[in-house]
Protein chains: 2
Amino acid sequence: MSMLTIALDIMGGDHGPPVILSAALQAIQKHPDCHFTLCGHRDVIEPALADLRADARERVTVSHCEQVVEMGEAPTSALRTKKQSSMRRILELVETGEADACVSAGNTGALLTLAFYVLKTLPGVDRPALVSAMPTASHHKVFLLDLGANVNCTAEILFQYGVMGSVLAEQTAGIEKPRVALLNVGEEDIKGNAQVKYANQLFRNATGINYIGYVEGDDIFTDYADVVVTDGFTGNVALKSSEGLAKLVINEVKRQSRRNLMTRMMARVALPLLKTIYNSVNPDQYNGASLLGLRGIVVKSHGNASADAFYYAIHQAIQEARMRVPEKIKNRIETVLLEQI
Amino acid sequence: MSMLTIALDIMGGDHGPPVILSAALQAIQKHPDCHFTLCGHRDVIEPALADLRADARERVTVSHCEQVVEMGEAPTSALRTKKQSSMRRILELVETGEADACVSAGNTGALLTLAFYVLKTLPGVDRPALVSAMPTASHHKVFLLDLGANVNCTAEILFQYGVMGSVLAEQTAGIEKPRVALLNVGEEDIKGNAQVKYANQLFRNATGINYIGYVEGDDIFTDYADVVVTDGFTGNVALKSSEGLAKLVINEVKRQSRRNLMTRMMARVALPLLKTIYNSVNPDQYNGASLLGLRGIVVKSHGNASADAFYYAIHQAIQEARMRVPEKIKNRIETVLLEQI
């Protein structure tokens, strides 16, 4: 295996550089086949590298950046005024080929805008999508996209998302012929809005994709499909309302458990289990979300990510780089579009 | 209090007339201030009334209907070919004023189409909305609309939904000045699609409504708002994906609980509690959904509803009739629109 280079935005995230650096050190130790370019202020990064063994230190480059994109900053402000930021630097390193993938836990809106501007979309892809793996009943993964990169989706964009999600499911979860479904408000052909109905036609007419039809919200989690496609508005609401419901269930169990000694004992045993479940259904916090459809690999870790979660996002970026996901998306889009002619 | 008349569709629902009749008998006993018109085939209904005491039997009318709208039937077919159906009859009784409200557990799409056709919308209301109360962290209710009546919503329709939801929250949950929020993918003003941004302006400019701004999916359940407004596509997905997640959590707990004796005992205690929680977050099955914005009261019980759930939907219809919800929506819409001139 050839050495990969992964660019990390050390300055992003709610908890600041210490958490990100701790994840970076974990990745440096666990991936001797990777070089890491740590982007951010050198005075913050250098001290954290002091204890690295010489052979590990050799695989690390510090790329000093004067600026930081703030968590609450408007994307347009980040684009215009933060040309020397760590977030912009990681994307530029991917664009020039100096890095094979990049990871940030920073401001999502700014990352989407900068990534779209710096990396551009692949030929045949109109808009990038944010995608994450969600849990299902049978402990498989379902890839849900778009989670909020693009709130207005034409049928063509939804179709492209299906192709992109399909490639990601194949390449990173080893699913053969992933079942692709379109999120809708009913399973009958007459249901849905105009974009969804037209996208359904595009999928039905395509031969290079294993399209299985419509799926409703409750079937996202039943292992009915491997890839669920929707616009960024609906996808974001589906993700967040599920997270909200999970939180409600956990809190309700806590509340009820205070009733008596028996329920208190029970809760002591049950809560860690429920938290594990909750964490598994809180995907952007625990799995990282990939920005698909760009001419390079960008993984977004949750702003509130722990070191473990950010490490997982790095791991995911490495996996996508090993599998050359953008190149495979480009090829698949070409094949599918050619078949349609 | 004057006597109310409630029309019930006896033939709708997945479990057929026995379950609906059992709920109807419950309602007849518990509401001596109501008259009930049971619509359906007389051979099915009459035997179930045999044991009623004379004073209760006097408050019941059987309205014989030759036809039934099937659960899987297309709404246009129901509209054209089922003029003698029990579903159509209950709506006609409300339209002529012979009934004050009606309840059905039948085919949702057909009920929406027939109700819109037979009852029409109130002046100033473009489209009806399906609304249900969802649970929140602090055991309050949040009214979420639209749950799927109307997948394409203009900003004006979203605004009308806010007014309608506000009146329902006031009148049936006793909430003063309900906090109305618009569902979006972020809380900043720049987020969202064109309809949502324009609806935000309409709400901000209206004086007769307690608008509190945007809310994200995870805050539906945090008691941040009393009324959450969104289009029927997004609302349906939010409702169903939350239900799906709740099911996943319950199943995961069951699965994990099979591990050893300790976890099995724990599960025996915990599962009923979790089921209670699940039921409370499965609102269309347990609370009934109201169809708002029409010139009459229509409550939709879940097709899969138990007798208790259908009884609850009847109770809700009675409450809306007592509070004359459609009249109050009409007045509020007039006031709010006049203020905008």
Next on the checklist: Under 4.5 Å from any heavy atom of chain A, what part of B/Leu183 do you find: side chain, backbone, both or neither?
Outcome noted: both
Checklist entry - In chain order, what residues pass the side chain to side chain donor-acceptor pair (under 3.5 Å) check against A/Thr81, with sequence neighbours excluded? => result none
Item to check | Exercise: do B/Asn304 and B/His15 side chains pair donor with acceptor under 3.5 Å | outcome: yes
Checklist outcome for this item: Bottom line for B/Thr136: the part with an atom under 4.5 Å from chain A's heavy atoms is backbone
Checklist entry - Contact part of A/Asn193 toward chain B, heavy-atom cut-off under 4.5 Å: side chain, backbone, both or neither? => result both
Next on the checklist: Looking at B/Tyr198, I'd like to know if its OH atom is crowded, meaning that more than 12 non-hydrogen atoms belonging to other residues, nucleotides or ligands lie closer than 6.0 Å.
Outcome noted: no
Checklist entry - What residue, out of B/Thr108, B/Thr230, B/Val196, B/Val237, has the most heavy-atom pairs lying under 4.5 Å from chain A? => result B/Val237
Checklist outcome for this item: B/Ala105 meets the side chain to side chain contact (heavy atoms under 4.5 Å, CB included) criterion, sequence neighbours left out, with B/Ile20, B/Ser301, B/Phe310
